[in-house]
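All remarks here apply to the structure that follows.
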Amino acid sequence: MSEEKSLNFIEEIIEADLESGKYKTILTRFPPEPNGYLHIGHAKSICLNFGLGLKYGGKTNLRFDDTNPVKEETEYVDSIKEDVQWLGFNWEKELYASDYFEQLYLFAVDLIKKGLAYVDDSSAEEIASLKGTPTVPGMDSANRSRTIDENLQLFAQMKAGKYADGEKVLRAKIDMASPNMHMRDPLLYRIKHAHHHRTGDAWCIYPMYDFAHGQSDSIENITHSICTLEFIPHRELYDWMIDKLEIFPSQQYEFARLNMTYTVMSKRKLLQLVTEGHVQSWDDPRMPTISGMRRRGFTAESIRTFCDKIGVARRENMIDFSLLEFCLREDLNKSALRVMGVLDPLKLIITNYPDGQTEELVSENGPDEAYGTRIVPFSKELWVEREDFMEEAAKKWFRLAPGAAVRLKSAYIIKCDGFTKDANGIVNEIHCSYLPETKSGHDTSGMSVKGTIHWVSVTHAVPAEVRLYERLFKVENPAAEDGDFKEYINEDSLKIISNAWVEHSLLSGTTATRYQFLRKGYFCLDKESAASKLVFNRTVTLKDAWSKEVKKH
RNA sequence: UGGGUUAUGGUGUAAUGGUAACACAACAGAUUUUGAUUCUGUCUUUCUAGGUUCGAAUCCUAGUAACCCAACCA
């Protein structure tokens with residue numbers, strides 16, 4: 001009651017249904033086809049359906065819409081279950097449309113007996129040409145007037161395997177002149193002599209979406225069947241089936257699917273990215289798949305927050321990728337361990353520091369005291385970030401440059417005295433002197449500097465590979481551009497750094513550990529990482545006011 | 001004989017006839033041993049034209065634009 005947040009349109013419907021007594025409790029479902037991996041668009045649907053169940057004390061089923069055996073595989077079933085669980089949701093029942101094949105077959109027989117379905121011998125082409133167009137009414141098939149007995153016999157023979165693929169179909173008898181193309185005698189069953197991932201070879205006829213989905217909802221007593229906008233034209237048929245079959249009246253509601261800038265969101269396109277090698281796999285960290293995002297280091301919490309923030313409505317949308325990044329950073333900032341890692345190393349020598357000496361300095365692990373501290377070794381030679389040094393300081397430059405002073409995080413203030421270059425004219429060493437009285441936590445100097453930089457001790461550092469990811473596409477909406485969407489792929493979306501140095505403490509992490517490399521971004525261990533060779537993914541950068549400053553000039 | 005759906009700042013989402021608000025983005029500034037975080041502030045909105053009303057984002061009329069529908073896919 002204290003929650004003032006306004007309801008989305010589906011919540012309004014549910015509250016009205018609960019209040020009127022239409023339902024005592026609600027039952028929703030998340031109904032993926034197991035023909036690919038789940039992506040962030042599915043996450044919106046998952047959060048919606050499971051969220052509604054949770055919010056209103058109802059339940060949510062996970063139902064696999066597995067009515068097309070040639071596209072579906074157990075591998076996908078497994079990944080979908082893993083992804084839903086990872087997102088933090090528990091389903092009431094794990095169900096399959098294929099569980100209902102027998103019941104669905106009986107429904108079809110019922111329809112035939114009622115004179116509302118018939119077997120058609122027409123080819124796919126003939127059916128298409130008789131269908132008409134949106135502006136031209138269709139025409140009846142010659143088989144439309146078959147007797148009920150004949151239809152019953154033919155359908156039984158279809159089931160028995162008497163016919164080859166495509167030889168016959170079962171159609172609903174509705175209205176070939178309907179303005180809704182889906183009502184022009186839609187196909188109910190087609191013949192496919194194919195192996196099904198669950199029913200094996202038990203069936204050679206398979207129900208179409210329109211004869212499986214709504215009926216499955218009804219069998220399960222789903223109260224609110226939520227799908228995306230493109231199914232609006234199917235709703236008339238959905239209702240027709242329930243009416244004619246006289247079964248539980250589930251109701252379909254549609255919302256707008258998620259679109260996000262700089263990525264694509266269709267399984268077909270994502271599949272192409274994988275099969276054509278534009279990315280490595282479905283869980284490539286650049287992919288908008290749940291598994292890709294998980295591997296990249298996204299937290300389930302951040303994805304849930306994102307889905308909550310984008311809302312649920314019925315108009316087309318294009319969400320800024322930056323909103324997702326905002327939700328990610330907001331969550332990671334609360335929990336990521338603060339560590340130091342140098343991605344583009346440049347050697348810094350503290351000329352007045354004793355040779356061979358090591359100090360154990362203390363550095364904080366997290367955003368607040370509760371995270372405690374750890375020891376970070378310090379010595380005469382350090383790796384620092386190459387981009388933290390300029391031969392000639394720019395305006396507003398707070399970092400290293402000849403004559404400039406900076407603080408080494410958790411260590412000392414140092415002053416840059418000079419640098420050397422290699423034979424190619426590339427800077428290879430920076431020479432600095434440190435101020436012993438500026439030791440972190442014990443600073444008695446009263447000095448203050450504008451810049452603080454991260455570092456790792458050369459003799460103590462651990463080598464690591466770091467993978468940096470950029471957006472996968474160069475344009476906001478690749479699907480809407482002229483030509484093939486793949487022309488807009490960002491060829492520089494993956495940058496592999498093989499010579500990074502990180503602090504020793506990173507040897508003890510797991511893939512579940514979230515790190516903030518100070519000043520560089522949020523990172524996590526990749527699944528390919530090993531003790532012998534650490535591999536990190538950059539989940540997301542930190543916001544960077546300096547790079548904006550640079551771009552301005 | 002076409003039908004359906006949707007229009008609110010740069011992007012999303014609210015406001016259910018009564019002060020157009022919240023978040024992201026952008027832009028300024030303060031704090032900072034992360035140019036991060038945090039904090040403060042600025043910026044821009046009801047598709048168009050009529051109408052009803054004391055009062056319209058909301059109701060009415062007529063337009064306009066975008067998206068969806070003619071797979072033996074889901």
Side-chain angles (χ1 to χ4, degrees), chain A residues 5-8 12 31-33 35 65-68 70-72 97 120 122-124 127-129 131-138 165-171 177-184 187-192 206 208-210 212-213 227-236 254 256 261 267-268 309-327 329-330 333-334 338 340 363-364 367 396-399 406-411 413 438 440-441 443 448-454 476 516-521 541-549:
Chain A
K5 202 181 172 226
S6 56
L7 304 176
N8 66 48
E12 282 181 359
E33 180 187 12
N35 68 342
D65 226 339
D66 57 348
T67 57
N68 187 356
V70 302
K71 287 189 172 182
E72 296 146 6
D120 194 348
S122 308
S123 68
I127 288 175
S129 73
K131 198 144 217 168
T133 70
T135 53
V136 177
D165 289 11
E167 216 174 316
K168 284 184 167 41
V169 290
L170 183 74
R171 292 228 256 171
S178 171
N180 182 347
M181 299 296 289
H182 294 276
M183 297 300 277
R184 321 243 267 225
L187 270 60
L188 268 26
Y189 269 90
R190 76 287 216 192
I191 299 170
K192 274 181 196 282
Y206 291 92
M208 299 286 289
Y209 167 84
D210 285 308
H213 198 100
C227 61
T228 48
L229 252 27
E230 62 268 30
F231 290 96
I232 289 175
H234 294 256
R235 191 175 62 228
E236 189 179 357
E254 312 87 8
T261 56
K267 275 189 196 169
R268 204 192 93 248
K309 281 187 194 290
I310 58 178
V312 177
R314 278 169 74 86
R315 65 168 140 164
E316 302 284 337
N317 58 75
M318 180 62 74
I319 309 285
D320 262 336
F321 195 81
S322 59
L323 180 61
L324 216 206
E325 290 186 328
F326 167 80
C327 296
R329 291 190 184 108
E330 185 184 45
N333 179 50
K334 287 186 293 193
R338 268 56 171 179
M340 292 195 280
S363 194
E364 63 276 16
K396 293 190 189 170
W397 178 254
F398 303 153
R399 311 180 192 175
V406 299
R407 174 173 289 281
L408 293 170
K409 172 68 183 174
S410 300
I413 290 178
T438 61
S440 183
D443 193 333
S448 80
V449 287
K450 289 286 264 182
T452 298
I453 64 171
H454 60 281
E476 285 202 347
Q516 183 194 101
F517 286 13
L518 248 41
R519 306 205 304 135
K520 297 311 294 180
T541 61
L542 257 21
K543 279 173 87 175
D544 186 356
W546 172 248
S547 71
K548 277 184 189 169
E549 184 68 30

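No hydrogens, no waters, no symmetry mates; every other heavy atom, side chains included, goes into these values. Residue numbering restarts at 1 for every chain, and letters A, B, ... go by the order of the sequence lines.
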At less than 3.5 Å, do the side-chain atoms of A/Ser440 and the base atoms of B/U33 form a donor-acceptor pair?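 Check passes, donor-acceptor contact within cut-off.
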Using only side-chain N and O atoms of [X], determine if any of them is under 4.0 Å from OP1 or OP2 of [N].
{"X": "A/Arg314", "N": "B/U6", "result": "yes"}
{"X": "A/Lys309", "N": "B/C22", "result": "no"}
{"X": "A/Lys548", "N": "B/A26", "result": "yes"}

Using purine N1 to pyrimidine N3 plus N6-O4 or O6-N4 for Watson-Crick, or N1-O2 and O6-N3 for G-U wobble, each under 3.5 Å, what pairs with [N]?
{"N": "B/C24", "value": "B/G10"}
{"N": "B/U19", "value": "none"}
{"N": "B/A62", "value": "B/U48"}

What residues form a side chain to side chain donor-acceptor pair (under 3.5 Å) with A/Asp65, not counting sequence neighbours? A/His213
Using atom [atom1] of [X] as one end and atom [atom2] of [N] as the other, report the distance to the nearest whole Å.
{"X": "A/Trp546", "N": "B/G35", "atom1": "CH2", "atom2": "C1'", "result": "8 Å"}
{"X": "A/Ile232", "N": "B/G4", "atom1": "CD1", "atom2": "P", "result": "12 Å"}
{"X": "A/Ile310", "N": "B/A25", "atom1": "CD1", "atom2": "C1'", "result": "16 Å"}
{"X": "A/Asp320", "N": "B/A25", "atom1": "CG", "atom2": "C1'", "result": "6 Å"}
{"X": "A/Glu325", "N": "B/A25", "atom1": "CD", "atom2": "C1'", "result": "11 Å"}
{"X": "A/Leu408", "N": "B/U34", "atom1": "CG", "atom2": "P", "result": "13 Å"}

Looking only at the side chains, is there a donor atom on one of A/Asn35 and A/Glu72 sitting less than 3.5 Å from an acceptor on the other? no
Have a look at [X] and say if it touches a base, only the backbone sugar-phosphate, or nothing, with a 4.0 Å heavy-atom cut-off.
{"X": "A/Gly441", "value": "base"}
{"X": "A/Thr135", "value": "base"}
{"X": "A/Gln516", "value": "base"}
{"X": "A/Arg329", "value": "nothing"}

Between the side chains of [Y] and [X], is the shortest nitrogen-to-carboxylate-oxygen separation below 4.0 Å, so that they form an ion pair?
{"X": "A/Arg314", "Y": "A/Glu254", "value": "yes"}
{"X": "A/Arg190", "Y": "A/Glu167", "value": "no"}
{"X": "A/Lys192", "Y": "A/Asp165", "value": "no"}
{"X": "A/Lys520", "Y": "A/Asp544", "value": "no"}

Measure the acute angle between the ring planes of A/His234 and A/His182, then classify it against the limits of 30° and 60° as parallel, tilted or perpendicular. tilted
Starting the side chain at C-beta, find the nucleotide from B/A36, B/A23, B/U33 nearest to A/Lys409.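 Of B/A36, B/A23, B/U33, B/U33 is nearest to the side chain of A/Lys409.
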Among the nucleotides B/C24, B/U6, B/G12, which one has an atom lying closest to any side-chain atom of A/Met318? B/G12
For nucleotides 65-74 of chain B, read 5' to 3', which letter fits each nucleotide if B means a protein heavy atom sits under 4.0 Å from the base, S means only the sugar-phosphate is that close, and - means neither? --SSSB-BSB
For nucleotides B/A25 and B/U40, find the distance between their P atoms and express it as a whole number of Å.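 Each nucleotide's P atom is 16 Å from the other's.
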